[in-house]
Amino acid sequence: MRYGLVIFDNDGVLVDSEPISNRLLAAYLTELGHPTSYEDSIRDYMGSAMHRVHDLVLERTGERLPADFDDVFHARVFAAFERELKPVAGAVEVLEALSARGVPYCVASSGSHERIRVGHRTTGLDRWFDDARIFSSQDVGRGKPAPDLFLHAARRMGVAPERCVVVEDSPLGVRAAVAAGMDVLGFTAMTPAERLSGANELFSDMGELIDLLG
């Protein structure tokens with residue numbers, strides 16, 4: 001394999017959480033008086049850290065979200081995860097193949113460490129990710145589209161950025177990977193291909209990924 005490290009985004013790439021979390025985010029923002037559709041949430045917030053939600057609402061309305069917004073939102077998301085969350089189709093097979101070949105991999109997510117772990121535990125993906133393979137935007141000062149998170153993951157995993165490839169499904173994540181000087185493969189299962197045009201290659205079925213990794 002031509003890469004020294006495969007860095008996975010989490011939501012929408014490893015766990016099929018984007019439909020759940022964006023449905024709940026749109027509903028909660030609307031409940032608070034900020035009308036937001038599911039499509040709006042996907043467009044504006046998919047792949048971003050929570051601070052982006054606060055920043056955009058403040059920028060657009062001049063109003064701050066409640067101090068307990070994150071806690072309430074995550075409680076709703078985690079409860080829904082317990083009922084509904086599944087791995088992305090084909091993700092387990094990809095992880096099995098990488099492990100069998102001895103290829104280093106990790107996850108670098110805009111989500112909190114708690115959110116990553118809840119999702120992995122619920123779907124059984126926790127067997128593939130010990131603490132040393134999990135990186136969150138909580139670990140760095142700026143989330144995606146800044147390159148900080150991906151550079152932090154590469155540094156902790158001991159691999160130069162130019163030898164890393166990122167698997168992403170959001171425009172913000174693609175921008176972050178490009179800014180980090182890494183190759184990026186854009187997963188278009190939920191995101192229109194044109195929104196991931198900055199990726200080196202695009203794919204719509206996780207079954208294609210191993211061949212793309214070379």
Side-chain angles (χ1 to χ4, degrees), residues 7-58 64-92 94-95 105-144 149-150 152-153 167-173 176 187 189-191 206:
I7 303 176
F8 291 97
D9 176 43
N10 190 54
D11 295 293
V13 170
L14 293 174
V15 296
D16 194 16
S17 53
E18 294 291 9
I20 299 170
S21 58
N22 282 283
R23 182 186 77 230
L24 294 173
L25 179 58
Y28 189 24
L29 288 172
T30 300
E31 176 186 318
L32 293 172
H34 306 291
T36 305
S37 69
Y38 173 78
E39 291 75 18
D40 292 337
S41 184
I42 291 287
R43 182 194 65 224
D44 294 340
Y45 303 121
M46 181 172 160
S48 67
M50 287 301 294
H51 67 76
R52 179 176 171 86
V53 182
H54 291 264
D55 292 345
L56 280 184
V57 169
L58 179 60
R64 295 188 182 278
L65 292 171
D68 64 350
F69 179 87
D70 291 12
D71 291 339
V72 172
F73 174 63
H74 284 129
R76 295 181 182 186
V77 168
F78 295 164
F81 278 3
E82 296 289 347
R83 297 189 303 268
E84 305 174 43
L85 190 63
K86 294 179 172 56
V88 166
V92 169
V94 169
L95 294 170
Y105 63 88
C106 65
V107 61
S109 171
S110 293
S112 66
H113 277 282
E114 183 182 15
R115 176 177 172 134
I116 297 166
R117 285 169 170 78
V118 168
H120 286 188
R121 185 171 63 250
T122 302
T123 58
L125 292 184
D126 53 343
R127 65 175 292 204
W128 304 104
F129 292 94
D130 56 23
D131 288 349
R133 295 180 190 263
I134 297 176
F135 304 99
S136 161
S137 61
Q138 290 180 313
D139 302 330
V140 295
R142 298 180 300 168
K144 305 169 190 178
L149 176 57
F150 290 140
H152 171 70
V167 184
E168 263 288 354
D169 70 333
S170 77
L172 293 174
F187 185 43
M190 273 194 63
T191 309
M206 197 57 68

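Since the structure is predicted, the reported quantities are computational estimates derived from the model, not experimental observations. Only this structure's heavy atoms are used, side chains among them; waters, hydrogens and symmetry mates stay out.
In this view, Arg121 satisfies the salt bridge (Lys or Arg N to Asp or Glu O under 4.0 Å) rule with no residue, not counting sequence neighbours. Gln138 is linked by a side chain to side chain donor-acceptor pair (under 3.5 Å) to nothing, counting only residues two or more places apart in sequence or in another chain. The side chain to side chain donor-acceptor pair (under 3.5 Å) check on Ser21 picks up Arg115, with sequence neighbours excluded. Scored by the ring-ring contact (aromatic ring centres under 6.0 Å, His included) test, Phe78 finds His74 as partners (sequence neighbours excluded). For Ser170, the side chain to side chain donor-acceptor pair (under 3.5 Å) criterion is met by Glu168, not counting sequence neighbours. Contacts of Ser41 classified as side chain to side chain donor-acceptor pair (under 3.5 Å), with partners at least two apart in sequence or in another chain: Asn22. Shown here are the ring-ring contact (aromatic ring centres under 6.0 Å, His included) partners of His54, two or more places apart in sequence or in another chain: Phe69. The ring-ring contact (aromatic ring centres under 6.0 Å, His included) test applied to His34 returns no partner, not counting sequence neighbours. Phe8 pairs by the ring-ring contact (aromatic ring centres under 6.0 Å, His included) definition with nothing, not counting sequence neighbours.
Separation of the Phe150 and Phe135 ring centroids does not fall under the 6.0 Å cut-off.
The nearest pair of heavy atoms linking Ser48 to Leu172 is CB-CD1, 3.4 Å. Annotation for Ile7 and Ala108: closest pair CG2-CB, 3.6 Å, computed over non-hydrogen atoms.
Checked by atom type and distance alone, the side chain of Ser17 never pairs as donor or acceptor with a backbone atom of Asp11 at under 3.5 Å.
Among residues at least two apart or in separate chains, side-chain hydrogen bond (donor to acceptor under 3.5 Å, both in side chains) pairs with a member in residues 122-136 are Arg117-Asp131. Within the structure, salt bridge (Lys or Arg N to Asp or Glu O under 4.0 Å) pairs that include any residue of residues 69-78 comprise Glu31-Arg76 (at least two apart or interchain).
Screening Val92, Asn10, Val88 against Leu125 for a side chain to side chain contact (heavy atoms under 4.5 Å, CB included) leaves a single residue, Val92.
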Next on the checklist: Could you go through Tyr45 and Leu29, starting from their C-alpha distance and side-chain angles, then the distance that decides it, and tell me whether this counts as side-chain contact (heavy atoms from CB on, under 4.5 Å)?
Outcome noted: CA-CA 12 Å; Tyr45 303 121; Leu29 288 172; 3.9 Å; yes
Please tabulate, one pair per line, all N/O donor-acceptor pairs under 3.5 Å involving side-chain atoms of residues 79-87, not counting sequence neighbours.
residue	atom	partner	partner atom	Å
Arg83	NH1	Ala79	O	3.4
Glu84	OE2	Arg23	NH2	3.1

